[in-house]
2 protein chains.
Amino acid sequence: MEARHLRYAVALAEHEHFGRAAGELGIAQPPLSKQIADLEREVGVRLFDRTRQGVFPTAAGEAFLARARRALDEIAAATVDAGRAARGETGRLRLGFVASALLDPLPGVLSRFGRERPDVRLELHEMATSRSSPALVAGELDVALTLGPPRGAGAEHLVSVPIGRDHVIAVVSTVHPYAGQQSISADQLRRQPLIVSAGEDEPAVVAGLRTLLGTDSSALGGATVARDVHTIIGLAASGVGVGLGPSRMRAVPRPGVRFCEVTPRTPLPDLILSFAARDHSAVLRAFLDTIRKNCPDVGAALNDRLRPHT
Amino acid sequence: MEARHLRYAVALAEHEHFGRAAGELGIAQPPLSKQIADLEREVGVRLFDRTRQGVFPTAAGEAFLARARRALDEIAAATVDAGRAARGETGRLRLGFVASALLDPLPGVLSRFGRERPDVRLELHEMATSRSSPALVAGELDVALTLGPPRGAGAEHLVSVPIGRDHVIAVVSTVHPYAGQQSISADQLRRQPLIVSAGEDEPAVVAGLRTLLGTDSSALGGATVARDVHTIIGLAASGVGVGLGPSRMRAVPRPGVRFCEVTPRTPLPDLILSFAARDHSAVLRAFLDTIRKNCPDVGAALNDRLRPHT
DNA sequence: CCCGGCAATACTTTTGAGGTATTGCCAGCA
DNA sequence: TGCTGGCAATACCTCAAAAGTATTGCCGGG
């Protein structure tokens with residue numbers, strides 16, 4: 001049985017007349033008669049009653065037609081859905097990201113993307129840089145935001161684009177003696193109880209702090225370790241010590257604390273967006289476009305990437 | 001687009017390999033390649049990625065395949081449903097009936113039919129004999145149970161079969177003086193307050209009572225009129241008088257009353273089953289068959305009707 | 001009894017699905 | 001680097017069947 005049989009049966013039921021139905025279908029009457037006869041033979045049941053008053057579906061015909069119409073609807077929808085998927089209007093995007101990305105670029109990016117692509121299912125996975133790259137290579141993620149470029153097996157199949165610079169800043173309670181300072185020096189920091197984020201997950205951040213405080217400094221060893229920047233800020237607010245974290249944490253609105261620059265200015269690894277080089281999906285392209293529109297200082301590589309409309 | 005394209009795409013997605021999918025479909029590989037290419041051209045989107053590792057659906061392909069599978073399921077179900085409808089396993093039966101039919105043949109018939117044809121939707125319409133026949137002729141009913149044969153315009157297009165005889169019986173309270181009698185005479189009835197059913201809807205019943213009591217009798221004029229036999233029995237039980245009704249009302253289980261024959265035995269119109277002569281639907285045939293199995297004294301016409309398996 | 005309208009049948013044409021043979025394109029390997 | 005094997009695409013042919021034309025057959029209404 002072919003879709004043609006369904007279309008013909010539906011048209012015949014619609015017009016209740018072989019000649020007119022055939023005309024509507026753009027064919028002559030005899031072929032329509034034959035196709036309907038073939039259909040009835042295949043189904044094994046008379047689907048239409050031919051009377052002088054017109055051609056009407058039998059009970060079996062009504063049952064058949066109900067299914068036939070649904071089948072034809074599905075077929076029409078198949079083309080529509082395929083087109084929407086190809087244009088990236090539907091689908092799925094699995095995004096891996098480091099926690100600090102939640103502070104700055106992600107809120108704007110995600111809300112904009114959700115508005116532009118309401119039918120794309122976003123799957124968000126907070127994970128350390130070290131876990132993102134293998135997941136991208138294995139095809140478990142579509143795109144990742146990491147601190148520093150991806151490394152490890154298969155990294156050469158990934159495209160990486162820096163989308164934001166970062167450096168170390170301090171956060172102190174508004175009643176802390178340093179709160180009035182424009183910036184805090186490394187020496188001052190070494191004399192204070194410090195609060196830093198859990199180091200093992202993001203060694204690049206730890207390296208930055210070591211650079212700032214000196215590799216032999218015992219300040220880091222004695223520091224309070226917090227799981228995330230919110231905790232750092234909370235602890236700093238309550239006067240436990242001076243929090244150290246990425247400048248991105250300025251984005252967290254919180255009364256009772258002050259953010260201060262630290263001298264010397266200590267760069268942290270760039271926030272890097274990466275994805276599989278062979279991935280040309282429209283959903284990914286749309287996401288990259290959103291990133292470009294939301295992040296002022298994206299690398300040229302991303303613009304290049306968005307040029308070709310393959 | 002034809003169902004063939006859907007089947008081929010589904011098979012290709014299943015086997016992830018043009019050659020093997022073609023083998024499974026019973027065709028050679030080149031035609032499959034061509035059909036898939038044609039499909040992709042028509043949809044306007046690449047549906048499969050051909051890689052060295054195999055052939056995999058693109059995101060658009062996945063969206064397309066989901067619809068394609070549903071469409072194929074509908075097509076398969078269309079044939080199945082048409083067959084079930086043609087065998088009378090599904091569908092609708094609109095039954096018109098006089099209230100007294102609810103007493104005797106209908107409970108058994110309906111429960112049996114409901115068991116044998118669980119997927120047939122039964123539409124039950126209690127109506128007077130005079131309304132059933134036009135409804136049958138107009139195609140608003142499929143089958144009717146009436147008192148006496150159908151009459152009126154178009155009645156010649158109806159088939160009528162007597163399925164049960166009936167006569168007048170009396171119902172009295174167990175404490176009524178007549179309660180002990182084997183039968184009650186017409187004379188005795190004329191000396192009692194009577195309870196009869198509403199006459200206008202079923203003139204044939206009124207005619208029967210007139211025959212029994214005498215056309216000039218004032219007994220009928222002074223009788224209490226009840227809407228249905230349940231009311232007659234209820235009023236009789238409470239001692240209002242002697243109820244007169246069809247022998248069918250014996251089927252109503254009710255403590256506190258006794259049913260008595262009436263002499264002379266006064267026949268009431270036969271219970272008649274009728275339907276459109278041109279109606280050959282399987283659901284109707286199944287219903288007639290149920291009637292035959294449930295009513296011992298159906299006319300030969302019904303058995304004739306069930307013979308041909310057209 | 002003829003006529004008109006309609007579906008079915010008979011027969012022809014033509015489209016396109018499917019078959020065979022071949023090419024082209026890599027990936028793996030010597 | 002060239003060779004080979006596996007696979008999809010291309011080229012070309014064949015034939016089934018979809019569609020067209022002409023005609024018949026069947027009623028129902030003048």
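Remember, predicted model here, so these are calculated numbers, not experimental data. Below, read A as the first sequence line, B as the second, and so on, with proteins coming before strands; counting in each chain starts at 1. FYI, side chains are in, hydrogens and waters are out, and symmetry mates aren't considered; it's all heavy atoms of this structure.
Here B:R121 pairs with B:E123 under the salt bridge (Lys or Arg N to Asp or Glu O under 4.0 Å) rule; sequence neighbours left out. Judged as a ring pair (Phe, Tyr, Trp, His ring centres under 6.0 Å), and not counting sequence neighbours, the contacts of B:F113 are B:F287. Looking at residues two or more places apart in sequence or on another chain, you find a side chain to side chain contact (heavy atoms under 4.5 Å, CB included) between B:A28 and B:P30, B:P31. Shown here are the ring pair (Phe, Tyr, Trp, His ring centres under 6.0 Å) partners of B:F97, two or more places apart in sequence or in another chain: there are none.
Pairs engaging residues 11-31 of chain B under the side chain to side chain donor-acceptor pair (under 3.5 Å) rule: B:Q29-B:S33 [sequence neighbours left out].
Summarising the geometry, the separation between CD1 on A:I36 and P on D:dA19 is reported as 11 Å, rounded to the nearest angstrom. Taking atom CG of residue A:D38 and atom P of nucleotide D:dA16, one finds them 16 Å apart after rounding to whole Å. When the P atom of C:dA17 is taken as reference, atom CD of A:E2 falls 9 Å away, rounded to whole Å. B:R4 places its CZ atom 16 Å from the P atom of D:dA16, with the value rounded to the nearest Å. Computed from coordinates, the B:Q53 CD to D:dG6 C1' distance equals 13 Å when rounded to whole Å. Between the P atom of D:dT21 and the CG atom of A:L32 lies a distance of 15 Å, rounded to the nearest Å. Whole-Å rounding puts the A:I27 CD1 to C:dT14 C1' distance at 15 Å.
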Extract from the structure each pairing of a protein N or O with an N or O of nucleotides 6-10 of chain C at less than 3.5 Å, listing the distance.
{"from": "C:dC6", "atom 1": "OP1", "to": "A:H17", "atom 2": "NE2", "distance (Å)": "3.1"}
{"from": "C:dC6", "atom 1": "O5'", "to": "A:H17", "atom 2": "NE2", "distance (Å)": "3.2"}
{"from": "C:dA7", "atom 1": "OP1", "to": "A:F18", "atom 2": "N", "distance (Å)": "3.1"}
{"from": "C:dA7", "atom 1": "OP2", "to": "A:F18", "atom 2": "N", "distance (Å)": "3.4"}
{"from": "C:dA7", "atom 1": "OP2", "to": "A:G19", "atom 2": "N", "distance (Å)": "3.3"}
{"from": "C:dA8", "atom 1": "OP1", "to": "A:R50", "atom 2": "NE", "distance (Å)": "2.9"}
{"from": "C:dA8", "atom 1": "OP1", "to": "A:R50", "atom 2": "NH2", "distance (Å)": "3.4"}
{"from": "C:dA8", "atom 1": "OP2", "to": "A:S33", "atom 2": "OG", "distance (Å)": "2.9"}
{"from": "C:dA8", "atom 1": "N7", "to": "A:Q29", "atom 2": "NE2", "distance (Å)": "2.8"}
{"from": "C:dA8", "atom 1": "N6", "to": "A:Q29", "atom 2": "OE1", "distance (Å)": "3.3"}

Working for salt bridge (charged side-chain N to carboxylate O under 4.0 Å, His left out), residues B:D289 and B:R285: CA-CA 6 Å; B:D289 191 49; B:R285 278 213 313 277; over 6 Å; no

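Within the 4.0 angstrom heavy-atom criterion, no nucleotide atom of any strand lies near A:F48.
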